[in-house]
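Just so you know, these numbers come straight off a predicted model, no measurement behind them. Because only heavy atoms are used, hydrogens play no part in the values below, and waters and symmetry mates are left out as well, while side chains stay in.
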Amino acid sequence: GVSHVLTLVLQELSLLCKRDVNGVGMLYDLLRSRWLQALLKIYECLQDYLGKRPAPVTLQARALTREVVELLREAPQSGEIKELRRLLRAPHLKAALLSAHDTVAQKDFEPTLPPLPDNIPENEEAMRIVCLVKNNQPLGATIKRHEITGDITVARVIHGGLADRSGLLYAGDKLVEVNGVPVEGLEPEQVINIL
């Protein structure tokens with residue numbers, strides 16, 4: 001994907017850097033930057049997700065099942081058809097499975113980010129909003145209070161954990177808000193409970 005192409009470009013640029021071609025060093029540094037690598041990783045993940053995203057064939061499986069049962073009633077009655085009709089009319093299939101399917105198929109489970117505030121000052125530090133859906137898995141990062149500023153920061157990102165795989169959190173990142181709760185003045189243990 002894009003990361004492979006970037007790796008090849010970086011290899012070519014490293015050769016040009018050794019020959020001291022004008023501007024190549026700056027371009028090389030830019031392409032090696034953490035934020036660009038993270039942005040490309042996000043882009044590839046989104047493209048992969050869009051390509052593989054499962055979509056329900058129908059939003060109304062219960063209605064379709066009723067139609068199939070009616071069609072089977074008119075078909076020549078064999079043992080297989082009788083068994084299929086019995087299975088499709090069973091309460092656990094109709095009420096539980098098909099109802100759950102229809103409910104899930106009609107909902108949008110994409111994470112939504114809050115809108116950015118309109119009144120961000122020009123001299124404000126760059127801030128990024130990170131949305132990680134962690135389910136039951138640990139975040140894969142530790143936090144600490146910065147000794148000088150008192151800010152809550154990411155102390156360490158554990159290799160292979162959710163934070164590492166996302167490419168969105170780095171050691172030294174300052175946490176401003178977690179799940180909509182401002183963390184200023186909180187102890188690291190309190191922030192962990194919010195996570």
Side-chain angles (χ1 to χ4, degrees), residues 1-14 17 26-56 100-101 103-121 123-195:
V2 177
S3 294
H4 178 68
V5 171
L6 184 62
T7 302
L8 296 175
V9 169
L10 285 170
Q11 288 171 354
E12 289 293 319
L13 286 175
S14 68
C17 272
M26 183 180 72
L27 180 60
Y28 182 75
D29 291 341
L30 172 71
L31 293 175
R32 280 190 31 218
S33 63
R34 276 185 359 180
W35 65 267
L36 183 61
Q37 297 288 332
L39 192 59
L40 289 172
K41 196 176 209 181
I42 292 168
Y43 174 79
E44 283 187 337
C45 287
L46 287 173
Q47 291 302 317
D48 188 47
Y49 173 77
L50 291 174
K52 294 180 180 176
R53 183 173 153 180
H101 170 275
T103 301
V104 170
Q106 294 175 23
K107 289 189 179 178
D108 183 12
F109 293 97
E110 297 294 317
T112 56
L113 296 176
L116 290 174
D118 294 330
N119 56 353
I120 297 177
N123 61 351
E124 186 74 26
E125 287 183 21
M127 183 182 298
R128 64 183 189 273
I129 297 173
V130 175
C131 180
L132 294 176
V133 182
K134 65 177 211 164
N135 298 330
N136 293 330
Q137 56 188 318
L139 181 60
T142 60
I143 60 172
K144 68 176 182 178
R145 179 176 300 287
H146 191 275
E147 295 112 18
I148 299 169
T149 64
D151 295 332
I152 301 292
T153 61
V154 175
R156 190 170 61 122
V157 176
I158 298 163
H159 180 72
L162 176 63
D164 178 50
R165 289 192 318 266
S166 75
L168 299 174
L169 285 180
Y170 299 98
D173 283 352
K174 174 183 169 183
L175 299 181
V176 176
E177 191 176 281
V178 175
N179 294 334
V181 178
V183 299
E184 187 175 357
L186 296 179
E187 293 298 319
E189 294 78 21
Q190 294 171 301
V191 177
I192 289 171
N193 290 332
I194 299 170
L195 287 170

*For L175, the option from L186, V154, V130, D151 that meets side-chain contact (heavy atoms from CB on, under 4.5 Å)*: V154
Identify the heavy atoms of [X] and [Y] that sit nearest to each other, and give their distance.
{"X": "H146", "Y": "T153", "value": "CB-CG2, 4.3 Å"}
{"X": "P182", "Y": "E177", "value": "N-CG, 3.9 Å"}
{"X": "R165", "Y": "G160", "value": "NH1-O, 2.7 Å"}
{"X": "G140", "Y": "A163", "value": "O-CB, 4.1 Å"}
{"X": "S166", "Y": "K41", "value": "O-CD, 4.2 Å"}

*Is the CZ atom of R145 crowded by more than 12 outside heavy atoms at less than 6.0 Å?*
yes
Side chains of [X] and [Y]: does their closest heavy-atom pair fall under 4.5 Å?
{"X": "V178", "Y": "I152", "answer": "no"}
{"X": "V176", "Y": "E184", "answer": "no"}
{"X": "L132", "Y": "L169", "answer": "yes"}

*How many angstroms lie between CD1 in I192 and OG1 in T142, if you round to the nearest 0.5 Å?*
8.5 Å
*Out of curiosity, I143 CD1 to E187 CD, how far, rounded to the nearest 0.5 Å?*
10.0 Å
*asked:* Quick one: does any side-chain atom of N179 pair with a main-chain N or O of I194 as donor and acceptor, under 3.5 Å?
replied: yes
